[in-house]
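Note: hydrogens, waters and symmetry copies are ignored here, and every other heavy atom, side chains too, is used.
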Amino acid sequence: MTALEEKQFMIKKWHFYSTLLLIIAFLSLGFKPFNFDSNPWFLTNGSDGSDYLFPSHKQEDYAKLNIPFTGNFFIGYKEAIAFKESQGKYRKINSLGYLGKYQFGPVTLRSIGVYNNAAFLNNPELQEKAFLVLLSKNKWLLRKEIEKYEGVVINGIQITESGILAAAHLGGVRTVKRFFRSNGVRYFRDAYGTSIISYMKAFGGYDTSFIEADKYASI
């Protein structure tokens, strides 16, 4: 092998190992553990003993991210609830048999006209519609509580329409009514320890004004 050929061989060898090292470094970064703390577009709140994530209301938290700022818009509201309920998974079934992106119980589904659980679980469009229908129905059932308590502070939480509707989604209309009748003394926790108070706080302040209160809302 001549000196020139040897030099060319060494250059090719150097290029090969340099490329290999770059590939290994890239793959190593790709498998870096995901850290919630490094993502400012989600906030955590464990004041009642439960940990959950929901979109920030602060626009500056989205400044360097290629995702939309939802503010207090309804899209942020429904996706925040969906993330808490199922991490946004349409086919999620929890250990208690609650279904879909918004974790509906079979009894609740029947109350809004859905009788085929399997079909519901496999139909994202139907799940989105069911969420709106339930909000509409609950808004009518809780219309007096919304009118009376919106803006009032109970247990350190400013009561809002969106918070009331979120609490009803978690625990049902009766538990929300009981909460207000007891001035916040009696409140519901689900089987996983999540309280309606945490939902009133986490999901308060969103714009749900366009939701029409309808006693007979159905799919």
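Nearest heavy atoms, Gly76 versus Tyr206: C-CE2, 3.7 Å. Contact record, Leu170 with Thr194: CD2-O, 3.7 Å, taken as the closest heavy-atom pair. Counting all heavy atoms, side chain and backbone alike, Leu99 lies closest to Phe120 at O-CE2, 4.1 Å. Heavy atoms only, all atoms of each residue included: Gln103 and Gly100 are closest at NE2-O, 2.7 Å. Considering every non-hydrogen atom in both Leu142 and Ala168, the closest pair reads CD1-CB, 3.7 Å. A pairwise comparison of heavy atoms in Asn183 and Ile154 identifies O-CG2, 3.7 Å as the closest pair.
With sequence neighbours excluded, no residue forms a ring pair (Phe, Tyr, Trp, His ring centres under 6.0 Å) with Tyr216. When the side-chain hydrogen bond (donor to acceptor under 3.5 Å, both in side chains) test is applied to Asp214, no partner is found at least two apart in sequence or on another chain. The side-chain hydrogen bond (donor to acceptor under 3.5 Å, both in side chains) search around Lys92 returns none, not counting sequence neighbours. The side-chain hydrogen bond (donor to acceptor under 3.5 Å, both in side chains) search around Gln127 returns none, not counting sequence neighbours. Listed by chain and residue number, Lys78, Tyr90, Lys101, Tyr102 satisfy the side-chain hydrogen bond (donor to acceptor under 3.5 Å, both in side chains) test with Glu128 (two or more places apart in sequence, or in another chain).
When atom types are taken as modelled, the side chain of Ser136 and the backbone of Val133 share no donor-acceptor pair closer than 3.5 angstrom. Looking only at distances, a side-chain donor or acceptor of Ser162 sits under 3.5 Å from a matching main-chain atom of Gly205. A distance-only check finds a donor-acceptor pair linking the side chain of Tyr77 to the backbone of Ala166 [under 3.5 Å]. Put simply, the side chain of Lys177 gets close to the backbone of Leu141: a donor and an acceptor are under 3.5 Å apart.
Each of Ile211, Ile219, Ile112 was compared with Leu132 under the side-chain contact (heavy atoms from CB on, under 4.5 Å) criterion, and only Ile211 meets it. Applying the salt bridge (Lys or Arg N to Asp or Glu O under 4.0 Å) test between Lys139 and each of Glu147, Glu150, Glu145, Glu161 identifies Glu161 as the sole match.
Here the CG atom belonging to Asn155 is positioned 9.5 Å from the CE atom belonging to Met200, to the nearest 0.5 angstrom. Rounding to the nearest 0.5 Å gives a distance of 9.5 Å between CG of Asn116 and CG of Leu126. We find the OH-NZ distance between Tyr199 and Lys84 to be 5.5 Å, quoted to the nearest 0.5 Å.
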Handout entry: Full working for side chain to side chain contact (heavy atoms under 4.5 Å, CB included) between Phe179 and Ile197
Key = CA-CA 9 Å; Phe179 170 83; Ile197 290 179; 3.7 Å; yes

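Within the structure, the ring pair (Phe, Tyr, Trp, His ring centres under 6.0 Å) test picks out the following pairs touching residues 152-172 (sequence neighbours left out): Phe104-His169, Phe131-His169.
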